[in-house]
Amino acid sequence: MYFSKLFIPTLKESPADADVISHKLMVRAGMIRQLASGIYSILPLGLRVLRKAEQIIREEMNQIGGQEVFLPSIQPAELWMESKRWDFYGKELLRIKDRHGREFCYGPTHEEVITDIVRKEVKSYRQLPILLYQIQTKFRDEVRPRFGVMRGREFMMKDAYSFHVDEKDTQHTYHQMAKAYTNIFERCGLKFKQVQADSGTIGGSFSHEFMVLAESGEDEIGFCKTCGYASNLELAESKPPLPTSADAAASATVPQDMKEVATPGKKSVAEVAGFLKLTARQIVKTILLENENGLVAGLVRGDHEINPIKMKNLLGCEWLHPANEETFSKHRELHRGYIGPIGLDFPIYADREVSVLHDFVIGANKPSAHFTGVQVQRDLKIEKFGDIKAVRAKDPCPRCEDGEYEVKRGIEVGHIFILGNKYSSAMNAVFLDQHGEENAMIMGCYGIGVGRTVAAAIEQSNDERGIIWPRNLAPFQVIVIPVNYSNGDLQNVCDTIYRRLHEAGIETLLDDRPNRLGVKLNDADLIGIPLQIIVGEKNLSAGKVEIKIRATHESSLHPYPQVIEDIPNILRNNSFPATP
RNA sequence: CGGGAUGUAGCGCAGCCUGGUAGCGCACUUGCUUCGGGAGUAAGGGGCCGGAGGUUCAAAUCCUCUCAUCCCGACCA
């Protein structure tokens, strides 16, 4: 392509409303423009990259037997009522009415639509399993869109759905899918981790996320370098407690009696600990939460934090969130800073770490007072102990002897789930098995944020001059830059290089614009083309052209026209990921 | 939805406090010079100061209301 014919509106300055690097660079490189909050137009250069990612995804999906479909973006409310998500999905679901007043939504995901298709057409175990996927834009009316296309409201997503006769067969596809995802993100040149994940509102039993490691990531992942265990931090397991020597010493002595002590104005753990001359781990915090059944309390050691998601999973409830101001004003008997597990009329759950403590401090459920010398078995009534504390860096690994957690930030680019029969049961997607019995299909679903993957690649690979594309995502492999295209000799040479590379199947851009060299070089760096061929009079008079590697800034002189033959090799040796 | 901020030319911003003919840089147009890392010079074009209402002789500037966008927190690919 000739640069002058392409619509690539590059910018010198970053737009004021972008603050992550990928967003800034995508705008500056002329890949995207914002239309409304969280809604972006994709310009030609951006689309080329997006298509690269899509194509990689397509190939890997087809490889494991996926079949591509194209599904409606506008979906009738009835379908969502069947799955019960019309009410459950909340405001994130963009609801619209047609001229007859019938209710629809703009699809945020397509479980309902795909299940509807399959239930109508698939009746026998002989037709299973089936794996369908789509690559389309979806819409989620995010509370707060941010970070450009990383968290837009309208976004390009690959979603695959599989239907099976049983859980075992679903797992088989699940594992194939995990492998396909690994291939995809490797081909995109990304540094990523596959981690254990929560299944969130999609529902289901078993789930992993694919996280691209990046400082700007919205998620935290915990992983163990020793054994390889990795999990989203919101779900990360902690190691069961081992009594420390201090705990052992305490249990060897006579347990203290429980005593009420005055702690005027001391509300936080740090204040209470300081006041009573104790350490934070000798205090037990009582955290108030609410779920669909009302209030619950969670107990964790004073130097720990509670993890509401792990607690929600322990309780098996629909939802759970920390009590808010409203709750406190409704329950006048609860005193912030002095809440304790004694005398509450709702269930109390405690972290496992609490079970090995002795002689600890709790709130006394009245202002300015705490109990000391508390013993778990003697004094407290605990519904259930479980792993509900939040994991932190340096915590011991739950899966191996002496590994410890390392914590890094990540961008969630892929998420795979085993859904079980949640949708098939609700929507009556059933089949007849060998014995003529009717069963609900078992489903899996597997998503990749395509735009987010592209943004993640930029987050991971850029410098002060602009984007550095991994070869497989690069919109062009090579850019030919004449120092002065209006010079007839240079023009000839550039046209020849361009034509021959093009014929060799190498995507090449020729910057034929009448700009000064500096402008062209800066744009080439900004849009991140892996290889720059700079053609100028001085070098050409010695029979050479300059080749510059975008990623490393290395530049070298090569004999013309031999260089044309050498380009494929140079590309191979200087791009990442290494191509076979 | 709570907290914070910003809307002035295509982009980035100043002007607002202390009302008085709307400015700067980049980009754009034309001429001359320049031409290997975002050129110099001269001349130009382009704005109902987000919108509505109010105060005032007079509003980008003060007041009220609205809309939009961004940032920080609770949700998600």
Novice: Give one of base, sugar-phosphate or nothing for A/Gly148, where a contact means two heavy atoms less than 4.0 Å apart.
Specialist: nothing
Novice: For nucleotides B/G15 and B/C62, find the distance between their P atoms and express it as a whole number of Å.
Specialist: 12 Å
Novice: All N/O contacts under 3.5 Å from nucleotides 10-14 of chain B to the protein, with atom names and distances to one decimal?
Specialist:
| unit_1 | atom_1 | unit_2 | atom_2 | d |
| --- | --- | --- | --- | --- |
| B/G12 | OP1 | A/Ala16 | N | 3.1 |
| B/G12 | O2' | A/Glu13 | OE2 | 3.1 |

Novice: Name every residue in residues 538-549 of chain A that has at least one heavy atom under 4.0 Å from any atom of RNA chain B, in order of residue number, or write none if there are no such residues.
Specialist: A/Lys538, A/Asn539, A/Glu546, A/Lys548
Novice: Any idea how A/Phe185 and A/Phe210 line up, ring-wise: parallel (<30°), tilted (30 to 60°), or perpendicular (>60°)?
Specialist: tilted
Novice: Measure the distance from CG on A/Asp511 to C1' on B/G37 and round it to the nearest whole Å.
Specialist: 13 Å
Novice: Mind checking if A/Val413 touches a base, just sugar-phosphate, or nothing, with heavy atoms under 4.0 Å?
Specialist: sugar-phosphate
Novice: Taking A/Glu154 for its side chain and A/Ile39 for its backbone only, find out whether a donor-acceptor pair lies under 3.5 Å.
Specialist: no
Novice: On a whole-Å scale, what distance lies between the P atoms belonging to B/C70 and B/U30?
Specialist: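 After rounding to an integer number of Å, I get 36 Å for this pair.
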Novice: Calculate the interatomic distance between A/Asn487 atom CG and B/C35 atom P; express it in whole Å.
Specialist: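 Interatomic distance, CG of A/Asn487 to P of B/C35: 14 Å.
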Novice: Figure out the CZ/C1' separation between A/Arg146 and B/C76, and round it to whole Å.
Specialist: 10 Å
Novice: Please measure how far the P atom in B/C75 lies from the corresponding atom in B/G12, and state the result in whole Å.
Specialist: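 Straight-line distance between the two P atoms is 33 Å.
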Novice: B/G31 pairs with which nucleotide, Watson-Crick or G-U wobble, both distances below 3.5 Å?
Specialist: B/U41
Novice: Is the shortest distance from a Lys or Arg side-chain nitrogen in A/Arg95 or A/Asp141 to a carboxylate oxygen in the other one below 4.0 Å?
Specialist: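 Result for this pair is no, no salt bridge flagged.
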Novice: Can you label the angle between the A/His415 ring and the A/Phe417 ring as parallel, tilted or perpendicular, going by 30° and 60°?
Specialist: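 If you compare the ring of A/His415 with that of A/Phe417, the planes turn out parallel.
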Novice: Please check if the distance between the ring centroids of A/Tyr2 and A/Tyr498 is under 6.0 Å.
Specialist: yes
